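Just so you know, these numbers come straight off a predicted model, no measurement behind them.
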Amino acid sequence: HVQLVESGGGSVQIGGSLRLSCAVSGSAVRSNCMGWFRQSPGKEREGVAGFDGDRGTRYRDSVKGRFTISRSDNWENLYLQMNDLKPEDTAMYYCAAVPVGNSCSNAFTTDNHFWGQGTQVTVSS
């Protein structure tokens with residue numbers, strides 16, 4: 001099993017910043033396909049930022065230049081620095097990882113991903 005615990009969410013005004021953290025423990029996970037997803041009411045869960053094995057990092061177009069994904073050297077911690085936040089960024093943010101032994105096409109696929117409980121990010125004026 002893989003344990004993922006997100007933290008760092010909160011309420012922030014437009015243009016503000018937040019830094020999300022994810023603690024990874026339990027079963028070994030693939031380095032590629034680790035990343036962040038988000039889901040807002042009425043919408044499907046979507047990839048936000050992730051590590052892609054063959055192309056480095058991957059970002060959703062709407063967050064490029066504003067969000068930055070990073071990690072600890074041992075891959076036990078994953079981070080998402082979010083700057084210049086917009087109301088459209090309001091969502092539940094989930095840390096995601098794929099256990100070793102399971103396939104993963106790219107960082108934004110959801111098959112075989114394990115999720116944490118999520119941390120809420122709310123952006124308002």
Side-chain angles (χ1 to χ4, degrees):
H1 64 278
V2 177
Q3 303 292 146
L4 303 168
V5 181
E6 301 96 337
S7 62
S11 182
V12 65
Q13 293 185 333
I14 295 173
S17 298
L18 286 172
R19 183 176 176 84
L20 306 184
S21 298
C22 172
V24 185
S25 62
S27 301
V29 298
R30 302 173 66 100
S31 297
N32 61 318
C33 291
M34 289 186 69
W36 294 90
F37 289 70
R38 67 186 181 187
Q39 186 170 30
S40 57
K43 297 183 179 180
E44 295 183 345
R45 187 171 298 187
E46 61 185 24
V48 178
F51 290 99
D52 199 36
D54 60 350
R55 304 187 76 97
T57 54
R58 181 188 296 263
Y59 293 94
R60 190 170 193 84
D61 286 344
S62 61
V63 309
K64 288 181 178 178
R66 300 188 297 119
F67 291 10
T68 303
I69 188 171
S70 61
R71 59 172 179 82
S72 59
D73 289 343
N74 59 9
W75 296 89
E76 291 184 346
N77 291 280
L78 195 65
Y79 309 100
L80 183 67
Q81 179 66 47
M82 305 185 295
N83 297 325
D84 190 24
L85 284 162
K86 304 176 180 180
E88 305 89 84
D89 297 318
T90 295
M92 184 72 74
Y93 283 71
Y94 298 90
C95 178
V98 177
V100 170
N102 293 84
S103 62
C104 179
S105 297
N106 61 69
F108 282 1
T109 58
T110 56
D111 289 350
N112 296 324
H113 273 89
F114 277 60
W115 319 94
Q117 290 295 308
T119 184
Q120 180 67 39
V121 171
T122 302
V123 185
S124 65
S125 61

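- Heavy atoms only, all atoms of each residue included: Asn32 and Asp52 are closest at CB-C, 4.4 Å.
- Under the salt bridge (Lys or Arg N to Asp or Glu O under 4.0 Å) criterion, Asp61 pairs with Lys64, sequence neighbours left out.
- In plain terms, the two heavy atoms of Leu80 and Ala49 that are nearest each other are CD1-CB, 3.9 Å.
- A disulfide bond (SG atoms under 2.5 Å apart) check over residues 62-93, counting only residues at least two apart or in different chains, returns nothing.
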side-chain contact (heavy atoms from CB on, under 4.5 Å) evaluation trace for Thr119 with Ser7: CA-CA 6 Å; Thr119 184; Ser7 62; 5.6 Å; no
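- In this structure Asn77 satisfies the side chain to side chain donor-acceptor pair (under 3.5 Å) test with no other residue, sequence neighbours excluded.
- Both Val63 and Leu18 belong to a single network of hydrophobic side chains, linked directly or stepwise wherever heavy atoms of I, L, V, M, F, W or Y lie under 4.5 Å apart.
- The side chain to side chain donor-acceptor pair (under 3.5 Å) check on Ser17 picks up Asn83, with sequence neighbours excluded.
- Taking the side chain as every heavy atom from C-beta outward, Leu85 and Phe67 approach each other to under 4.5 Å.
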Side-chain donor-acceptor contacts of residues 34-43 below 3.5 Å, not counting sequence neighbours, with atom names and distances?
from	atom 1	to	atom 2	distance (Å)
Trp36	NE1	Tyr79	O	3.3
Arg38	NE	Glu46	OE2	2.8
Arg38	NH1	Asp89	OD1	3.0
Arg38	NH1	Tyr93	OH	2.9
Arg38	NH2	Glu46	OE2	3.3
Gln39	NE2	Lys43	O	3.1

Could you go through the side-chain contact (heavy atoms from CB on, under 4.5 Å) check for Met82 and Leu20 one step at a time? CA-CA 8 Å; Met82 305 185 295; Leu20 306 184; 3.7 Å; yes
Go through Val48 and Tyr59 one step at a time and tell me if the side-chain contact (heavy atoms from CB on, under 4.5 Å) criterion holds. CA-CA 6 Å; Val48 178; Tyr59 293 94; over 6 Å; no
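- What you find for Trp115 and Ala96 is that their closest heavy atoms are CZ3-CB, 3.5 Å.
- Residue pairs meeting the salt bridge (charged side-chain N to carboxylate O under 4.0 Å, His left out) criterion with at least one member in residues 15-31, sequence neighbours excluded, do not occur.
- Linking Ile, Leu, Val, Met, Phe, Trp and Tyr whenever their side-chain heavy atoms come within less than 4.5 Å puts Phe114 and Trp75 in one cluster.
- The two residues Ile69 and Gly50 have their closest heavy-atom pair at CD1-CA, 3.6 Å.
- Alongside Phe108, the hydrophobic cluster contains no other residue (criterion: ILVMFWY side chains under 4.5 Å).
- Clustering ILVMFWY residues whenever any of their side-chain heavy atoms sit less than 4.5 angstrom apart, transitively, puts Val121 in the very cluster that holds Leu78.
- In the hydrophobic cluster analysis, where Ile, Leu, Val, Met, Phe, Trp and Tyr join through side-chain heavy atoms closer than 4.5 angstrom, Phe51 is grouped together with Val2.
- Residues forming a side-chain contact (heavy atoms from CB on, under 4.5 Å) with Thr122 (at least two apart in sequence, or on another chain): Ser11, Thr90, Gln120.
- The disulfide bond (SG atoms under 2.5 Å apart) analysis of residues 73-125, with sequence neighbours excluded, yields the pairs Cys22-Cys95, Cys33-Cys104.
- Every side chain to side chain donor-acceptor pair (under 3.5 Å) that Ser72 has, sequence neighbours left out, goes to Asn74.
- With hydrogens and angles ignored, the 3.5 Å screen pairs a side-chain donor or acceptor of Glu6 with a backbone N or O of Gln117.
- Both Val12 and Ile14 belong to a single network of hydrophobic side chains, linked directly or stepwise wherever heavy atoms of I, L, V, M, F, W or Y lie under 4.5 Å apart.
- Of the inter-residue distances, the one linking Arg71 atom CZ with Ser21 atom OG reads 15.0 Å to the nearest 0.5 angstrom.
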